[in-house]
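Numbering of residues begins at 1 and proceeds along the displayed sequence. First listed ligand is number 1; within each ligand, the first listed atom is number 1.
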Amino acid sequence: MNAIIMYTFQLLNIKHGNTVLCCHVLFDLFEAVIEDSFLHQGKRKKLTALLRQKGISDSGVLNAIGSIPRHCFMDSAFSENAYEDKAFSIAEGQTISQPYTVAFQSQLLRIRRGEKVLEIGTGSGYQSAVLCFMGASVYSIERHRKLHDSAKVLLHKLNLKAHLIYGDGTLGLNKIAPFDKIVVTAGAPIVPDVLVKQLKIGGLLVIPVGNSKEQRMLQITRLGENETATIAYDGFAFVPLIGEHGWK
Ligand code: SAH
């Protein structure tokens with residue numbers, strides 16, 4: 001924490017553990033972390049207008065993307081570009097998905113408040129944050145320890161209560177299943193049957209499936225014990241889903 005902030009806290013007689021709203025900047029007293037300026041807010045508004053133009057109509061999705069500070073989920077070097085409709089690199093050679101992709105997947109999930117949702121590929125934690133904001137009870141699995149750990153810290157700071165799990169998401173999460181919805185945010189070679197089996201009847205699985213360069217987004221409805229219906233959308237490119245039922 002820098003000296004000016006320390007001095008300000010001293011003048012205000014703020015105690016350890018308090019949270020202070022100071023103009024447009026929210027400081028956590030352990031670290032000055034969450035800074036959300038009017039500029040960021042304005043850029044978010046423009047981003048949601050762009051997503052609407054691109055066909056996103058779910059007001060819950062637009063509201064979440066208009067509220068979650070995406071710049072906090074990426075390297076501060078990209079902070080000024082955080083509200084461009086682009087994917088950016090995060091640690092471990094992974095990416096934070098393009099806002100349109102996050103919005104598209106979230107819209108296909110048709111989230112209703114209180115639904116139990118499993119995400120595979122926590123990455124930065126941004127998609128988890130969007131789903132939490134929409135009122136879902138979110139479980140999210142990540143195979144890189146470092147990404148899992150940093151997403152956990154960040155979501156806690158933002159007061160978003162997702163359950164983050166470290167492990168191979170291609171196995172799903174049997175002990176918490178069945179889920180209302182499952183979303184996979186990495187490109188899969190096939191639809192892992194184990195994930196379909198962890199859906200409630202009537203539940204939805206949204207998963208990009210294809211080769212390493214391009215995938216089709218599948219929206220799979222579990223109609224019965226062994227019956228599904230699938231709708232496919234072209235033109236997505238994700239980092240690979242690696243694991244027992246993914247790429248090796
Ligand atoms: N939803 C993320 C997108 C991250 S990119 C976001 O909003 O930022 C996809 C993520 O899937 C990467 O972090 C990658 O490490 C993770 N991943 C790939 N295979 C996985 C697996 N089998 N289990 C869990 N996570 C996996």
Tell me whether the count of non-hydrogen atoms from other residues, nucleotides or ligands lying under 6.0 Å of NZ in Lys54 goes above 12.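 Yes, the 6.0 Å shell around NZ holds more than 12 heavy atoms from other groups.
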Take atom NZ of Lys213 as the centre, draw a 6.0 Å sphere, and report whether it contains more than 12 heavy atoms from other residues, nucleotides or ligands.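 Incorrect, the count does not exceed 12.
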Once rounded to the nearest 0.5 Å, what's the spacing between atom NZ of Lys45 and atom CZ of Phe38?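 One finds 11.5 Å between NZ of Lys45 and CZ of Phe38.
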Evaluate Thr48 against Arg44 for side-chain contact (heavy atoms from CB on, under 4.5 Å), listing each step before the verdict. CA-CA 6 Å; Thr48 54; Arg44 273 207 296 281; 5.7 Å; no
Aromatic plane relationship, Tyr126 with Phe73 - under 30° parallel, 30 to 60° tilted, over 60° perpendicular: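 Answer is perpendicular, since the angle exceeds 60°.
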For Val239 versus Gly93, what's the shortest heavy-atom pair and its separation?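 Val239 and Gly93 have their closest heavy atoms at CG1-O, 4.5 Å.
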List, for ligand 1, each N/O atom that has a protein N/O partner under 3.5 Å away, with both atom names and the distance.
from: ligand 1; atom 1: 1 (N); to: Glu119; atom 2: OE2; distance (Å): 2.9
from: ligand 1; atom 1: 1 (N); to: Gly121; atom 2: O; distance (Å): 2.9
from: ligand 1; atom 1: 1 (N); to: Thr185; atom 2: OG1; distance (Å): 3.1
from: ligand 1; atom 1: 7 (O); to: Gln127; atom 2: N; distance (Å): 3.1
from: ligand 1; atom 1: 8 (O); to: Ser124; atom 2: N; distance (Å): 3.1
from: ligand 1; atom 1: 8 (O); to: Ser124; atom 2: OG; distance (Å): 2.7
from: ligand 1; atom 1: 13 (O); to: Glu142; atom 2: OE1; distance (Å): 2.8
from: ligand 1; atom 1: 13 (O); to: Glu142; atom 2: OE2; distance (Å): 3.4
from: ligand 1; atom 1: 15 (O); to: Glu142; atom 2: OE2; distance (Å): 2.6
from: ligand 1; atom 1: 19 (N); to: Ile242; atom 2: N; distance (Å): 3.0
from: ligand 1; atom 1: 22 (N); to: Asp168; atom 2: OD1; distance (Å): 2.9
from: ligand 1; atom 1: 22 (N); to: Ile242; atom 2: O; distance (Å): 2.6
from: ligand 1; atom 1: 23 (N); to: Gly169; atom 2: N; distance (Å): 2.8
from: ligand 1; atom 1: 25 (N); to: Arg143; atom 2: N; distance (Å): 3.3

